[in-house]
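Right, one structure below, let's go through it.
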2 protein chains.
Amino acid sequence: MDETVRWLTPEEQRAWRAFVRLQERLGGRLARMLQTESGLSVADFAVLVQLTDVPEGRQRFLDLARALEWEKSRMSHHIARMVKRGLVVRDECVEDGRGAFVVITDAGREAIEGAAPLHVEAVRDLFLDHVTPAELRTLAQVSERVVAKLDEDAS
Amino acid sequence: MDETVRWLTPEEQRAWRAFVRLQERLGGRLARMLQTESGLSVADFAVLVQLTDVPEGRQRFLDLARALEWEKSRMSHHIARMVKRGLVVRDECVEDGRGAFVVITDAGREAIEGAAPLHVEAVRDLFLDHVTPAELRTLAQVSERVVAKLDEDAS
DNA sequence: TAGACGTAGTTGACATGTCATCGTCCTGTC
DNA sequence: GACAGGACGATGACATGTCAACTACGTCTA
């Protein structure tokens, strides 16, 4: 029972709230744009980008999950939805009877090739264009440092 | 048809990815902590904080939605769930037959009073403690500037 | 005061995530 | 080999959000 809570100072409060708000607003806006312009969710986009980064657009289930830092269950559900929409297909794994590959389809490639330029443009318009290079460096440093701490804690 | 896409430079790419990653990881961690330590979702927390900030812990539906920047539909669904769990109650609005108030219950106050110190502590441990005051100022400035731009665009 | 129009809130269908649990297959050890 | 335990992935129940109607009430104007 520690009664002395170190509440946030006004500056901390302001910064934290602004930061949270930025995430919600910017993330929401980008997600909506991606959806309406390209018919993809952010999750779809992430999967497709990862698959185009990998030989033959083909990757094992858990490798994909690890690359995106997703839970395997999320991966499983999401791939099922993407299969239904024809963006990827499953492929049996010969070496390991339990395993499966996820493979990007032609439709998936078309989708990502159409979406990526628009998405990059949106990230510029809504975010990068309003941040100086120095600020961006700071942001990157802070982000990497904090994520590294989170990783430490988790272990 | 503009063929010349301005892709992200390596620094931009790194910064943007780190930033997105930070949001996912930090947000996820805080949400999970709040849930397991206090049995509240981030959304519950936001509603309860807002209601304790308002006279009598009582606010009109849409005012609440505007304060949190939520859609009314989201508000409606979420309040229904919170009512079911006894954190808030609905109250008829006499002046306006369409309207309704949301009122925090004693259980709601207990929940938020138990959760808030832990949550603040977590925000410190996981984030603020790893950011210098100067970095925090930069972060706040950037966040506010970008959100302001988003607001402009929306109008 | 009637009708048009706007406002407050609800609802249902659906997309997305999490958690816990399950079935199946692989692997190391005896 | 047999079996214990781990790894791979699927599944069902549930929480959360969004979008698009829809209901019901208020308000303004002719």
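All chains are named by letter (A, B, ...) in the order of the sequence lines, taking the proteins before the strands, and each is independently numbered beginning at 1. Everything numeric here is computed off the predicted structure, so don't read it as measured data.
Nucleotides of DNA chain C nearest to A:V94 and A:W70 differ in position, and the one nearer the 5' end is that of A:W70. Both A:D96 and A:R81 lie close to DNA chain C; mapped to their nearest nucleotides by heavy-atom distance, the more 5′-ward contact belongs to A:R81.
Within residues 32-57 of chain A, the residues having any heavy atom under 4.0 Å from DNA chain C are, by residue number, A:S41, A:A43.
The aromatic rings of A:W70 and A:H78 lie perpendicular to each other, with more than 60° between the two planes, well past the 30° mark.
To the nearest 0.5 Å, atoms CG (A:D129) and CD (A:E121) are separated by 8.0 Å.
For the pair B:F61 CZ and C:dT11 P, the interatomic distance rounds to 10 Å; values are reported in whole Å. The interatomic distance linking B:K84 (NZ) with C:dT10 (C1') rounds to 14 Å, in whole Å. Spacing between atom CG of B:L64 and atom C1' of C:dG9 amounts to 13 Å, rounded to whole angstrom units. Here C:dT7 presents its C1' atom at 10 Å from CZ of B:R66, a figure rounded to the nearest Å. Atom CD in B:Q59 sits about 13 Å away from atom P in C:dA8, given to the nearest Å.
A salt bridge is defined here as a Lys NZ or Arg NE, NH1 or NH2 lying under 4.0 Å from an Asp or Glu carboxylate O, and A:R60 with A:D96 meets this definition. We find that A:R109 and A:D106 are not joined by a salt bridge, their nearest charged nitrogen and carboxylate oxygen being 4.0 Å or further apart.
A donor-acceptor distance shorter than 3.5 angstrom exists from the side chain of B:R124 to the backbone of A:R6, with no hydrogens or angles considered. With B:D44 contributing its side chain and B:S41 its backbone, the two residues share a donor-acceptor pair below 3.5 Å. The main-chain N or O of B:K72 is never found under 3.5 Å from a side-chain atom of B:S76 such that the two would form a donor-acceptor pair.
Heavy-atom neighbours of B:D53 CG from other residues, nucleotides or ligands within 6.0 Å: above the threshold of 12. Around CZ of B:R17, the count of heavy atoms belonging to other residues, nucleotides or ligands within 6.0 Å does not exceed 12.
At least one side-chain heavy atom of A:V146 sits under 4.5 Å from a side-chain heavy atom of B:V131.
Close approach of DNA chain D to chain B, defined as any atom under 4.0 Å from a non-hydrogen atom of the protein, starts and stops at D:dT16 to D:dG26.
The shortest heavy-atom contact between A:L40 and A:A111 is CD1-O, 4.1 Å.
Counting any heavy atom pair closer than 4.0 Å across all strands shown, B:R60 reaches sugar-phosphate atoms only and no base atom.
Contact between the side-chain N/O atoms of B:R90 and the OP1/OP2 oxygens of C:dG9 is not found at any separation under 4.0 Å.
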When you compare the protein's N or O atoms with those of nucleotides 20-23 of chain C, which come within less than 3.5 Å of each other, and at what distance?
none

